[in-house]
J.: 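Starting off with a structure, shown below.
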Amino acid sequence: MNRSQSERLYEEALQHIVGGVNSPSRSFKAVGGGAPVFMKKAEGAYFWDVDDNKYVDYLAAYGPIITGHAHPHITKAIQEAAANGTLYGTPTELEIRLAVMLKEAIPSMDKVRFVNSGTEAVMTTIRVARAYTKRNKIIKFAGCYHGHSDLVLVAAGSGPSTLGIPDSAGIPTSIAHEVITVPFNDATALKEALDKWGDDVAAVMVEPIVGNFGMVMPKPGFLEELCRLARQYGALVIYDEVITAFRFHYGSAQTYAGLSNHEAIRPDLTALGKIIGGGLPIGAYGGSKEIMEQVAPLGPAYQAGTMAGNPASISAGIACLEVLQGAGVYDEMDRLAVKLTDGLSESARRLGVPLTINRIRGSFSTHFCDHPITNYDEAQDTDGEAFAAFFRAMLRRGVNLAPSKYEAWFLTTAHTDADINFTLEAAEASFKEITR
Ligand code: PLP
């Protein structure tokens with residue numbers, strides 16, 4: 001496969017754009033370096049790069065593109081919105097329509113506020129929780145990613161009784177000291193942390209189904225215990241559903257049938273993004289009326305945005321959710337994901353490649369190891385070089401995956417049986433190549 005134009009553009013991009021990319025996860029640093037592929041067109045389940053190579057896409061732009069690229073219903077909605085003006089700085093009726101759709105699908109959200117990204121949504125839920133509880137600290141779980149705001153870019157300490165250290169330069173230690181990180185799926189560690197810091201914990205924040213160190217389900221009872229403990233210590237529960245909302249069914253993880261006991265796992269605040277913008281920039285957060293009334297102009301917690309609720313993003317979001325309301329769309333993504341993961345497992349087993357697959361409906365993660373993945377330590381303890389070699393072998397055969405061993409594969413409503421068959425053939429050849 002010739003990718004000389006991508007290589008040329010990467011050299012040029014390096015002169016002007018830091019690292020040549022506008023988000024570090026787009027670089028190929030985690031898969032051996034070199035030029036990332038520069039795409040020029042996307043439609044349905046496919047990408048075309050600047051050298052005219054075609055790829056089947058499972059990146060789905062890190063999650064938002066659940067209806068496939070350039071879905072006609074969404075494209076039309078964006079065109080109509082643009083023709084009516086892209087930004088007003090006033091309220092619009094469209095915002096109400098999308099807010100109602102979100103509330104109907106996620107009943108814990110009594111009141112909603114739109115922002116421009118998942119990062120903003122999460123950042124603001126923390127502020128609101130602090131304003132409401134008049135406490136400072138938050139507890140998060142190792143390996144859960146919540147965007148790039150200061151408070152959540154904090155790594156695990158050496159245990160639940162250790163305060164966080166910053167994960168990035170430029171974050172004051174004093175801020176990191178407001179964050180406590182505990183292992184996912186470990187209610188005992190959470191209890192220890194709350195025993196020690198509980199009086200000052202404003203919120204326990206979690207990806208209720210993890211999407212950022214692979215796809216990882218909470219163990220049975222874990223979310224129930226998390227919510228019970230948080231409440232016992234007077235802390236709020238924040239669910240970061242930026243990846244999970246509308247990913248597995250028309251609703252979010254907190255209403256997903258794979259998790260029972262929905263009342264017992266109901267959060268106080270929820271952060272959203274990705275799918276709800278249909279591929280345009282968006283974020284949203286919401287919760288009970290009482291808690292959300294902390295937010296300006298009603299309450300003392302300030303949050304604002306020039307671009308927030310812009311008609312193009314909101315229209316794209318409404319159109320995307322309309323597509324997802326179609327009969328059988330989630331079942332079809334599920335069916336294709338089962339076929340794909342069964343085939344990958346079978347191929348890997350036959351060729352002696354250790355592979356653990358975590359699948360939740362139409363999304364899954366592939367871990368080059370022979371142990372289960374239930375927390376971040378286990379996800380780290382996998383063969384990154386084997387993943388990198390597999391990633392490159394698949395790319396050369398026209399299959400586009402996320403360039404990181406921690407990221408998921410996403411099925412979309414545009415994938416077909418033919419795409420799955422093509423991908424399985426590429427995987428068979430790639431497994432052979434990496435074991436040679
Ligand atoms: N929360 C989760 C769970 C995410 O996966 C991400 C991004 O990947 C974010 C928050 C941040 O969202 P954004 O990149 O839109 O700021």
Side-chain angles (χ1 to χ4, degrees), residues 21-27 30 58-66 102 106 113-129 138-154 167-168 179 181 184 203-218 223 237-248 252-254 256 267 269-286 303 305 307-310 312-314 316-317 320 358 360 363-365 375-376 379 401-410:
V21 289
N22 283 306
S23 189
S25 53
R26 296 177 198 170
S27 88
Y58 293 96
L59 177 67
Y62 293 89
I65 305 296
I66 191 168
L102 297 182
I106 309 174
R113 174 62 67 79
F114 289 109
V115 291
N116 299 302
S117 66
T119 295
E120 274 183 68
V122 169
M123 184 177 82
T124 316
T125 58
I126 294 172
R127 181 171 305 151
V128 174
I138 63 156
I139 297 180
K140 68 180 283 288
F141 293 87
C144 286
Y145 176 69
H146 300 294
H148 64 272
S149 70
D150 281 2
L151 262 178
V152 287
L153 265 191
V154 172
D167 225 5
S168 157
V179 186
T181 307
F184 186 72
V204 178
M205 160 164 293
V206 70
E207 289 182 77
I209 295 175
V210 176
N212 277 299
F213 52 85
M215 300 298 305
V216 179
M217 281 295 274
L223 290 177
V237 174
I238 303 175
Y239 282 178
D240 179 347
E241 297 234 38
V242 168
I243 288 187
T244 51
F246 300 96
R247 167 54 55 194
F248 314 117
S252 67
Q254 59 196 268
Y256 172 54
L269 287 161
T270 299
L272 306 175
K274 299 206 186 226
I275 288 174
I276 66 156
L280 290 193
I282 203 164
Y285 65 94
Q303 175 271 308
M307 301 287 166
N310 73 82
S313 294
I314 299 286
C320 179
N358 281 8
I360 305 166
S363 48
F364 64 91
S365 50
N375 62 33
Y376 188 43
L401 308 177
S404 157
K405 70 173 189 171
Y406 297 109
E407 300 283 352
W409 301 45
F410 293 117

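Since the model is a prediction, treat every value here as computed from it, not as a measurement. Every number for a ligand or one of its atoms is a count from 1 in the order of the listing.
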J.: Strictly distance-based, threshold 3.5 Å: is any side-chain N or O of N116 a donor or acceptor partner for the main-chain N or O of P281?
T.: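 A pair under 3.5 Å: no.
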J.: Would you indicate which of N212, V242, V206 comes nearest to atom 5 (O) of ligand 1 when only heavy atoms are counted?
T.: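 Closest candidate by heavy-atom distance is N212.
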J.: If you measure from each non-hydrogen atom of T119 to ligand 1, which part falls under 4.0 Å: side chain, backbone, both or neither?
T.: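 Looking at T119 and ligand 1, atoms from backbone and side chain both fall under 4.0 Å.
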J.: Which distance, rounded to the nearest 0.5 Å, do you find between the CG of N212 and the CD1 of I243?
T.: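 Reported value, rounded in 0.5 Å steps: 4.5 Å.
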J.: Show the atoms of ligand 1 that are less than 4.0 angstrom away from any heavy atom in S117.
T.: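 Result: 15 (O), 16 (O).
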J.: Answer yes or no: is there a donor N or O on one side and an acceptor on the other, between the side chain of E241 and the main chain of P208, under 3.5 Å?
T.: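 A pair under 3.5 Å: no.
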J.: Hey, does H148 sit under 4.0 Å from ligand 1 if you only count heavy atoms?
T.: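 Flag not set, H148 not near ligand 1.
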J.: Which of the listed options, S23, A121, G118, holds the heavy atom that is closest to atom 15 (O) of ligand 1?
T.: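 Among S23, A121, G118, the closest heavy atom to atom 15 (O) of ligand 1 belongs to G118.
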J.: In the protein, which heavy atom is nearest to atom 8 (O) of ligand 1, and how far is it?
T.: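 Minimum-distance protein heavy atom for atom 8 (O) of ligand 1 reads K274 NZ, 2.8 Å.
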J.: Which atoms of ligand 1 sit under 4.0 Å from any heavy atom of D240?
T.: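 So the answer, numbered in order with elements, is 1 (N), 2 (C), 3 (C), 10 (C).
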J.: Give the atoms of ligand 1, by number and element, whose distance to some non-hydrogen atom of I243 is under 4.0 Å.
T.: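 Taking each heavy atom of I243 in turn, ligand 1 has 5 (O) under 4.0 Å.
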J.: State whether the shortest distance between N or O atoms of H146 and N or O atoms of ligand 1 falls below 3.5 angstrom.
T.: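 No: no nitrogen or oxygen of H146 is under 3.5 Å from one in ligand 1.
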J.: Could you tell me how the ring of F184 sits relative to the ring of F213: parallel (under 30°), tilted (30 to 60°) or perpendicular (over 60°)?
T.: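 Rings of F184 and F213: perpendicular, over 60°.
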J.: Give a yes or no answer on whether the side chain of S23 reaches the backbone of R26 with a donor-acceptor pair at less than 3.5 Å.
T.: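 Judged by distance alone, no pair lies under 3.5 Å.
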J.: Report the distance from atom CD1 of I209 to atom OH of Y256, rounding to the nearest 0.5 Å.
T.: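 It comes to 6.0 Å.
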J.: Which of these, L269, T244, L223, sits in a side-chain contact (heavy atoms from CB on, under 4.5 Å) with Y239?
T.: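 It is L223; the other options fail the test.
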J.: At a non-hydrogen distance cut-off of under 4.0 Å, which region of E120 contacts ligand 1 (side chain, backbone, both, or neither)?
T.: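 No part of E120 comes within reach of ligand 1.
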J.: If I apply the N/O under 3.5 Å rule, does E207 come out as touching ligand 1?
T.: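 N/O-N/O distance below 3.5 Å does not exist for this pair.
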J.: Backbone N or O of S149 within a donor-acceptor pair of the T119 side chain at under 3.5 Å?
T.: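 Looks like no, no N/O pair under 3.5 Å.
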J.: If we set the cut-off at 4.0 Å for heavy atoms, which region of Y145 has an atom near ligand 1: side chain, backbone, both, or neither?
T.: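 Within the 4.0 Å criterion, Y145 contacts ligand 1 through backbone and side-chain atoms alike.
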